[in-house]
Each structure stands twice: as C-alpha cells, then as structure tokens.
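Encoded as structure tokens, the structure appears first; notes follow it.
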Amino acid sequence: MAPHASQLNAVHVRNLVRGFKSKTILDGVDLDIAEGEFVALLGKSGSGKSTFLRALAGLDHDVEGTGTLETPENLSVVFQDARLLPWRTVIQNVTLGLPGANGQDAGRKALAEVGLAGRETAWPNQLSGGEQQRVALARSLVREPALLLADEPFGALDALTRIKMHALLRELCARHRPAVLLVTHDVDEAISLADRILVLDEGRFVEDLRIDMPEPRDHGDPRFAEFRSHLLRSLGVNLPGRKAA
Amino acid sequence: MATVWDAAEVKSTGRSSRQSAHVALPATKTGAPRVRRRLGPGPAIPFGLQIGPALLVLLWVGGSALGLIDPRILSAPWTVVEAFGRLIEQGRLQDNFVTSASRALIGLSIGLVIGTLLAVIAGLSRIGEALIDGPIQIKRAIPTLALIPLLILWFGIGEGMKVTTIVLAVIIPIYIHTHNALRSIDSRYVELAETLRMSQKDFILQVVLPGALPGFLLGLRFAVTLCWVSLVVVEQINATSGLGYMIDLARTYGQTDVILVGLVVYVLLGLVSDGLVRLLERRVLTWRRTLAN
C-alpha cells in the first residue's frame with residue numbers, strides 16, 4: 001500500500017521545492033520524521049520555515065512547487081494564535097467538526113488533560129492567552145494526530161506562561177506520542193523540547209542536530225549551553241565575549 | 001525650567017496656592033495630585049437621553065396652554081390625547097394599526113428571507129456573486145419611492161404593490177450587511193476549518209453563518225427602520241386603510257390631532273421594533289457581550 005519509508009516515518013519529504021515565480025522559498029528539501037519523534041525547526045525570519053510547515057499541512061494552495069511529500073492523513077495544526085472561533089464555546093471549539101456524543105466525551109477528556117476541566121462552557125474571549133492556546137492544544141489532541149504541526153505556538157505568550165506550556169506539551173507528547181514538527185525562533189525552547197533540531201536557511205537545512213540530553217533538561221547544564229551556542233552560530237548569531245562552554 | 005518659572009509667576013499674580021498647585025505641573029512640594037484637564041464628555045447624566053424629548057414636550061404643552069401655538073398648526077397635547085381615546089373607542093386606530101403592522105411584517109419577513117438567501121449565495125460562490133451582486137448594487141442606487149409608479153402599473157394599487165415595495169426596500173440592507181459580513185470572515189478561520197477537515201456543511205453551519213450573524217443583525221436593524229419608512233410612503237399613496245391612510249385622511253379634514261396620533265404610533269412602532277432587534281442581538285451574540293464587558 002504505502003511505500004516502505006512511510007511505514008517507519010510519519011513524514012517523508014524528498015526534493016521539496018516551493019516558491020513563487022520570482023523567488024524560491026524551499027530549495028529541494030529532504031526530511032524524514034520518525035513516528036513519535038519530536039523535531040524542532042529553527043530559522044531566521046524569511047528562511048522558509050513557515051512555508052515548510054504549511055506545505056506539510058497542505059495549506060499552501062497558492063504556492064507553486066514540486067517534490068515528494070508524504071504525511072499522515074491524520075495530522076493536526078497548532079497555530080501561533082489559538083484560532084478559536086469566538087462564537088463557539090470552549091468545548092464546541094475543541095470538538096469542532098467531530099461527530100456526536102463520542103466527540104463530546106473525548107473533548108471533555110482532552111480539556112481535562114490540558115487543565116481546563118470545568119471551563120467547557122466558557123467563551124474563548126473569557127480565557128487568558130495561555131488558556132486559549134491550551135484549548136487549541138486540546139482541539140489538536142482530541143483528534144489523536146499521528147503528526148502534530150506547531151507554528152510558533154507559544155510565540156505570543158509571556159515568558160512564564162511559555163515555560164508552563166513547555167512542560168504541558170512535553171507531558172502531552174510523552175502520553176500521545178505523535179510525531180511533532182515545532183517551528184520556532186526560540187533556541188532554548190527547541191533545545192528543551194526536541195529530540196532533534198533542524199536549522200533552515202535560505203530554503204535548505206543547514207543543521208540536523210540530535211539532542212541526546214535526558215529530560216527534563218536543565219538550562220544550566222553545560223551541554224545545553226553548548227547546543228545553544230552551536231545553534232546560534234548556525235543561525236548567524238555571533239555573541240561576542242561568550243565562548244561555548 | 002519653564003514650568004518652575006510658570007509656577008512662580010502664577011504665585012506672584014496672587015492666585016491661591018491650591019490653584020497654583022493645579023497649574024504648576026511638578027506639584028512635588030505640596031504633594032497634591034496632578035490634575036489634568038478632562039477632554040472626554042465626562043460622566044453620564046442620569047436620564048440624559050430623556051431630557052431632550054421631555055423639553056420638547058414641555059415646550060409643546062407650554063406653547064399650547066399660553067395660546068402661542070395655533071391649534072390649526074399643531075393641536076394641543078390634551079387634544080391629541082382626546083383624539084387618541086376617541087380613535088380607540090371607534091376602533092379606527094386598532095383596525096388601521098393591524099392593517100399597517102401586518103403589511104410591514106409580511107414585507108419584512110419576505111424581504112428578510114430573500115435578502116439573506118441572496119447574500120449567502122453571493123457570499124459563498126463566485127458565480128453567485130457575479131450574478132447577484134451587480135443587480136443588487138443597481139437596485140440600491142434606485143430610490144425605492146421612484147419604483148412606485150412602475151409597481152403600481154405592475155401590481156395595481158392593492159396590497160401586492162404595498163408589500164412588494166416594502167420587500168424591495170428591506171432586501172437591500174439585509175443583503176449588503178450579511179454579504180459584507182460573509183466576505184469579511186477571517187481567512188484564518190477558513191484555514192482552520194481546512195486543517196480540521198471540516199465538511200462543507202459543518203463549515204457553513206459552524207464557521208460562516210455564526211460568523212456573519214453580527215452583520216445580519218445590523219442589516220436587520222436598518223431593515224426594520226426602512227420597512228416602517230416605506231410603509232408610510234405606500235400608505236399615503238392610494239391606500240384605503242392603514243395608519244398612513246388615517247393620517248392622509250386627517251390632512252384632508254385638517255385634523256392635526258389625528259395626524260399627531262398617527263405620528264406618535266409610528267414613533268412607538270419604530271422604537272419598539274428597534275428595541276426588539278437589539279434584544280435579539282443581545283440574546284444571540286452573548287459571546288460578544290463578554291468581550292464588551
């Protein structure tokens with residue numbers, strides 16, 4: 001049925017090209033993401049990381065391109081904004097498009113998992129930014145995705161909320177084991193969460209780094225600092241007077 | 001520097017020290033709170049909205065009592081009240097009211113359905129938009145009153161003409177606002193629906209229509225007002241019943257009191273129906289009210 005590669009991998013991408021007539025955004029990208037693997041994608045703004053995620057999500061209707069792209073049918077996207085329908089209650093947002101009473105139960109369970117039990121009938125704009133993003137996570141989880149695509153999901157949150165969300169996301173991924181592609185510009189976030197970090201630059205991957213640190217990861221760990229300065233260099237950031245440990 | 005100098009000058013001109021503390025910005029010496037000139041209109045006056053109309057009525061009562069207003073120009077308030085009682089006694093007011101209200105209601109309902117349907121078709125399909133939007137914009141440019149001669153030729157002077165005029169007037173605001181709301185639904189929600197693999201039916205029922213509801217309700221408020229306006233017009237042309245007919249007849253006999261009774265009823269109808277739509281708005285847009293709070 002499916003080719004051999006996609007039985008082992010949640011994502012199988014070969015020679016993916018995306019762009020507009022005047023500009024190439026993705027220039028022949030290859031990538032495999034294993035089932036249950038957590039991959040973070042770093043890149044400067046304009047490096048094409050969002051384009052890549054949107055290509056995987058099948059949201060790039062107006063972008064021209066070629067290449068092989070195999071993704072699971074059951075994938076789910078978390079956007080930077082929570083993207084909840086303001087005219088639907090929290091539970092209705094979670095179960096959007098799901099059929100019947102099974103959906104209701106699953107939705108309630110997913111909300112409890114993200115710590116929002118009891119807020120089912122609240123309106124989205126009664127929630128804080130962090131809570132809204134947790135509803136968005138529940139909306140993704142309830143569909144039990146084989147692949148979770150997250151486009152800077154914590155970018156709009158304050159630093160403290162973000163730390164809590166990292167812990168929550170780690171916990172949820174450990175339980176549900178989807179393959180994850182997390183697009184972010186936050187190097188620390190990538191190192192704390194991912195099994196593997198990719199750096200995209202001018203439409204190509206210039207780095208593919210395996211993070212083999214035990215979890216939870218201590219930001220004070222010298223290896224954490226080593227990864228960070230290595231990645232920052234790949235991203236073209238040279239910090240003067242700060243040597244890699 | 002300048003402020004200190006200003007403060008010194010204010011003091012030297014002999015104003016009280018309290019005043020100077022308000023004028024001099026630093027105010028550190030006295031520790032008095034800094035006071036800014038208020039630019040907004042300030043707190044609401046109790047019963048503020050009622051003051052203007054009450055004043056008008058007062059002028060009317062006073063002018064009539066002192067004989068400053070000729071009753072042939074404007075009947076005294078008590079004469080109007082008497083006329084009101086007389087018209088109800090004779091049953092004329094009720095009969096005409098029922099006739100008018102049913103015309104308005106039928107016209108509004110038909111216009112509502114047609115306007116909404118057209119807006120949804122034009123809002124959700126490009127072909128629909130190509131076919132519908134142009135004619136509606138053209139219709140919008142023609143004053144409804146200008147169509148009446150044609151409508152009389154087509155439908156005669158009976159109920160058909162009257163209801164059609166109201167329908168044609170009501171369609172426009174409903175269509176414009178609903179269509180606009182449909183078209184301005186955030187494309188991010190469309191993207192969301194795609195990633196959630198929603199069906200076309202779910203997409204329309206959960207995303208598109210609820211999202212366009214605020215626009216529809218705004219259109220409804222305009223439509224309700226327009227429906228009364230066009231009712232007045234059609235009832236004063238070739239009618240044999242209805243509030244407008246009652247008013248027109250009163251004009252022939254120079255009964256300003258009856259004219260005023262008719263006008264008061266129109267005012268009440270307009271305000272009550274607008275209030276009803278607003279009530280409906282509050283009911284169905286609960287999610288918005290929480291935002292306003």
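All chains are named by letter (A, B, ...) in the order of the sequence lines, taking the proteins before the strands, and each is independently numbered beginning at 1. Just so you know, these numbers come straight off a predicted model, no measurement behind them.
Residues A:Arg88 and B:Trp287 are not in side-chain contact: their nearest non-hydrogen atoms beyond the backbone lie 4.5 Å or more apart. The side-chain heavy atoms of B:Glu191 and A:Arg83, taken from C-beta on, include a pair separated by under 4.5 Å. At a threshold of 4.5 Å between non-hydrogen side-chain atoms, the residues A:Arg143 and B:Leu196 count as touching. The closest side-chain heavy-atom distance from B:Leu192 to A:Arg139 is below 4.5 Å.
Residue B:Ser199: no heavy atom, backbone or side chain, is found under 4.5 Å from chain A. In this structure, chain A has a heavy atom under 4.5 Å from the side chain of B:Glu194, while its backbone stays farther away. Looking at B:Val284, there are no atoms closer than 4.5 Å to chain A (heavy atoms on both sides), in backbone or side chain. When heavy atoms are compared at a cutoff of 4.5 Å, B:Leu205 approaches chain A solely by way of its backbone atoms N, CA, C and O.
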| field | B:Asp202 and A:Leu96: CA distance, side-chain angles, deciding distance, side chain to side chain contact (heavy atoms under 4.5 Å, CB included) verdict | value | CA-CA 8 Å; B:Asp202 271 350; A:Leu96 215 53; over 6 Å; no
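Heavy atoms from other residues, nucleotides or ligands lying under 6.0 Å from CD of A:Glu202 number 12 at most. The neighbour count for A:Arg175 CZ, taken as heavy atoms of other residues, nucleotides or ligands under 6.0 Å away, is above 12. More than 12 heavy-atom neighbours from other residues, nucleotides or ligands sit within 6.0 angstrom of OH on B:Tyr189. Annotation: B:Leu268, atom CG; neighbour count of heavy atoms from other residues, nucleotides and ligands within 6.0 Å is above 12.
Summarising the geometry, atom OG1 belonging to A:Thr95 is positioned 7.5 Å from atom CD belonging to B:Gln206; distances are rounded to the nearest 0.5 Å.
Between B:Met198 and A:Gly97, the shortest heavy-atom contact is CG-CA, 4.3 Å. Nearest approach of A:Trp87 to B:Val207, heavy atoms of both residues: CZ2-O, 3.2 Å. The heavy-atom pair separating A:Asn74 from B:Arg197 by the smallest distance is OD1-NH2, 3.5 Å.
Among A:Leu98, A:Leu59, A:Val77, A:Leu84, the residue with the largest count of heavy-atom pairs under 4.5 Å with chain B is A:Leu59.
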